[in-house]
Amino acid sequence: MSSKKILIEELYGNAFRNEQTSPPEFTWSGIETKLNDVSIDDAYKKTFENEEVTPPSGLWLKIQTKLMVRDFFRFQLNKVNVYYVAALSLLLGIGFNLPQQNNEPSVIAPITKEIEKTNYINEETAITASSEKQSVNIEKQEAAILALNKKPTTLINNNVKEPVNHEKETETETSSIENFENDELEMINPTDYALFGRQKTCVGNECVYSLKGAVNKETAIKWNIPSNASLVDKSEHEIRIVWNKEGVNEIEAIIENKKGNRLNKKLSVAVDKPETPGFKGKTEVCQGVFDAPYAVSNDKDLGKQYIWQVKKNPYTPISNGYMKVNWQFAGLDTIILTDINLENQCKSEIVIPVIVKKQPEGTVVASMTDVTEYRFEFSGHTNGFKYVWHINNIIYNDAFPIHKFEASDIYDLKLEVTDLSKCKSEFKSKVNVTKHFLRVPTSYFASNKEGYKADVSSPLSKYRIEIFNPQNERIWESTLLQDGYPAEGWDGTVDGVKLQTGKYVCRINAVFEDGTVWQGFTKSDNKVEFTLIDAQK
């Protein structure tokens, strides 16, 4: 480090250059004023303004002491040494105050008192008040004053003269500075380290906590974790733990250097318990219900995220906490609702079983009772079912309504069926009403001598009728026509034996004389069920 020599005499010489060697009393006030206007610290600090390293504040005090001691013994006749003026004031009983900074004790007072005890006098001084006393070697006096700064204080014998070893003195100063710097390096600076990790978490969560900072081979780290946490993994500056119980806890990292200095870093962690989400929606539904709404009960909690899942049936999330389901498939299904707290990462799940009841099944059967008049029924009819028929803009609530159409045309038909579980089905079909109609009775009395046969609106060119028993076995058939109309009917017997009363089935195929093909019954297999009555019991 470069340095610049500064003499105290040069700082104050202008004030005394024209004064007598022994200043008169009236100049003391001027001396004191000059001294109070100048800071010795500031004078030496300017020397280091352009240096890369600024010595610590404690080092300035040591340098200040040494320079004041040296300048004390470098008095010249053509200049006034401020320290000799101070010593002279003590010998003459005159009060003198040197400026002090930062309320630190002055190093001048003990030096001056020691001078009074040993009667040290600079060999070049012109102050006549002590001219008769023995001269003392300047370098020896300097060594004596330096000794005053050491503990315990040692008095120097005036009569002993020893050569001053300046090289040894320099080594002592360097060692003192190095020790001071090493002492400061031994301390652990709290701002050099920081502890990081999640401070809000949930029971069961795995979290990582890291110590960031000057972690090196000169320091050792010890981790302390609370009893309600389990250690998963650990490295020099990081741990991974699982929280087992709710509560407020502390993670602690202890940093220790080789000198035994310690620093504790703590992090407070709040551990919460998962909360089961609330649920709103039906758990017993009917097949065929669409856009069925579902929601969480705490849907106003903006700090949470909700995830929906339905295993079998299609669903659509509407917004956070809402969804709709189309119940297309009957049976047992499952809704899974997951609740995630975005602040502490608590995650909980609820599984909701849902029973999807089957819809009513069947078909619409239309039977002609007269020209343009039809009788309707539901093939899956069961007592207790509710019906709503929509036929040619007229509503019927009967199980078997009869409707007469105004003219030949194709008409729309809709039926709503509700079963005992309040599950609803809807059926749509069309009714072709023309002048070519064919009908059969829904019940037959065995006593009717004409037998069971078809009634047609106009002559046929072709005709075939078949009768089946409850076991779906064909037991009778006929193709006979007379003048284009069916010529014979079934008498309710097989080989002359009367059959039992019950349900039987009829199937007919026919073509009218003008070539119009009869469309058959509304069922896909062109069969219609009827009841045999008054047969063998």
Side-chain angles (χ1 to χ4, degrees), residues 1 45 48 51-63 101-104 174-276 301-305 338-349:
M1 180 184 295
K45 285 182 179 178
F48 301 93
E51 298 297 333
E52 293 182 358
V53 179
T54 302
S57 60
L59 186 58
W60 284 113
L61 181 59
K62 296 182 180 181
I63 296 174
Q101 293 184 352
N102 300 328
N103 296 323
E104 296 179 357
T174 303
S175 176
S176 175
I177 294 172
E178 290 177 352
N179 288 339
F180 178 82
E181 293 174 346
N182 289 336
D183 288 342
E184 191 164 278
L185 291 174
E186 291 171 4
M187 300 176 64
I188 302 178
N189 189 350
T191 61
D192 288 345
Y193 298 89
L195 192 54
F196 292 92
R198 179 172 288 279
Q199 291 185 262
K200 284 191 176 183
T201 186
C202 192
V203 173
N205 282 0
E206 185 175 293
C207 300
V208 176
Y209 295 93
S210 304
L211 182 68
K212 306 295 184 182
V215 179
N216 51 50
K217 63 181 180 180
E218 301 296 328
T219 57
I221 304 171
K222 178 182 177 182
W223 292 91
N224 287 333
I225 63 174
S227 59
N228 67 338
S230 301
L231 182 65
V232 177
D233 193 16
K234 179 182 178 181
S235 64
E236 183 180 9
H237 61 279
E238 182 177 280
I239 59 171
R240 185 184 300 272
I241 63 176
V242 173
W243 294 103
N244 303 319
K245 189 178 179 181
E246 62 180 321
V248 179
N249 311 271
E250 276 191 341
I251 297 292
E252 181 181 35
I254 303 174
I255 307 103
E256 183 175 356
N257 61 15
K258 289 187 175 182
K259 299 297 182 180
N261 293 325
R262 288 189 176 187
L263 174 65
N264 290 40
K265 283 290 183 180
K266 296 181 180 181
L267 191 67
S268 180
V269 182
V271 183
D272 297 328
K273 184 172 66 174
E275 297 179 359
T276 303
D301 191 342
L302 300 179
K304 290 188 176 183
Q305 179 183 3
T338 304
D339 178 333
I340 301 175
N341 189 312
L342 301 179
E343 183 179 20
N344 56 25
Q345 295 300 301
C346 279
K347 181 179 180 180
S348 58
E349 185 177 272

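One-based numbering along the sequence shown.
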Once you round to the nearest 0.5 Å, how far does OG of S210 lie from CD1 of I251? 11.5 Å
Could you tell me the separation between the CG atom of L267 and the CG atom of L211, rounded to the nearest 0.5 Å? 11.0 Å
About how many Å separate CD of Q345 and OG1 of T201, when rounded to the nearest 0.5 Å? 7.5 Å
Please report the closest heavy-atom contact between N344 and N205, naming both atoms and the distance. O-ND2, 3.6 Å
D233: which residues meet the side chain to side chain donor-acceptor pair (under 3.5 Å) condition with it, sequence neighbours left out? none
With sequence neighbours left out, which residue pairs that include part of residues 202-273 fulfil the disulfide (SG to SG under 2.5 Å) condition? C202-C346
Between K200, R198, K304, which is the residue that forms a salt bridge (Lys or Arg N to Asp or Glu O under 4.0 Å) with E343? K200
Report, as yes or no, whether the 6.0 Å neighbourhood of atom CD on E250 holds more than 12 heavy atoms from other residues, nucleotides or ligands. yes
Set of salt bridge (Lys or Arg N to Asp or Glu O under 4.0 Å) partners for E349, sequence neighbours left out: none
On a heavy-atom basis, which atom in I221 and which in A253 lie closest, and how many Å separate them? CG2-CB, 4.5 Å
Partner set under side chain to side chain donor-acceptor pair (under 3.5 Å) for E246, not counting sequence neighbours: none
What closest approach, in Å, do E256 and I188 show between heavy atoms, and which atom pair accounts for it? CA-CD1, 4.2 Å
Exceeds 12 heavy-atom contacts within 6.0 angstrom, atom NZ of K265: yes
By side chain to side chain donor-acceptor pair (under 3.5 Å), S268 pairs with (sequence neighbours left out) none
What pair of heavy atoms forms the shortest contact from V203 to K273, and how long is it? CG2-CA, 4.3 Å
Run the numbers on I225 and Y209 for side chain to side chain contact (heavy atoms under 4.5 Å, CB included), then give the verdict. CA-CA 11 Å; I225 63 174; Y209 295 93; over 6 Å; no
Would you please name every residue forming a side chain to side chain donor-acceptor pair (under 3.5 Å) with E252, sequence neighbours left out? N224, N264
Taking all atoms of both residues into account, what is the closest heavy-atom pair of P226 and W243, and its distance? CG-CZ3, 3.5 Å
Rounded to the nearest 0.5 Å, the NZ atom of K347 sits from the CG atom of N341 at a distance of 13.0 Å
Within this structure, what is the OG1-CD distance for the pair T338 and Q305, rounded to the nearest 0.5 Å? 9.5 Å
When you look at Y193 and T219, which way does the side chain to side chain contact (heavy atoms under 4.5 Å, CB included) test go after all the steps? CA-CA 12 Å; Y193 298 89; T219 57; 3.7 Å; yes
Working to the nearest 0.5 Å, report the span between CG of D192 and NZ of K212. 15.5 Å
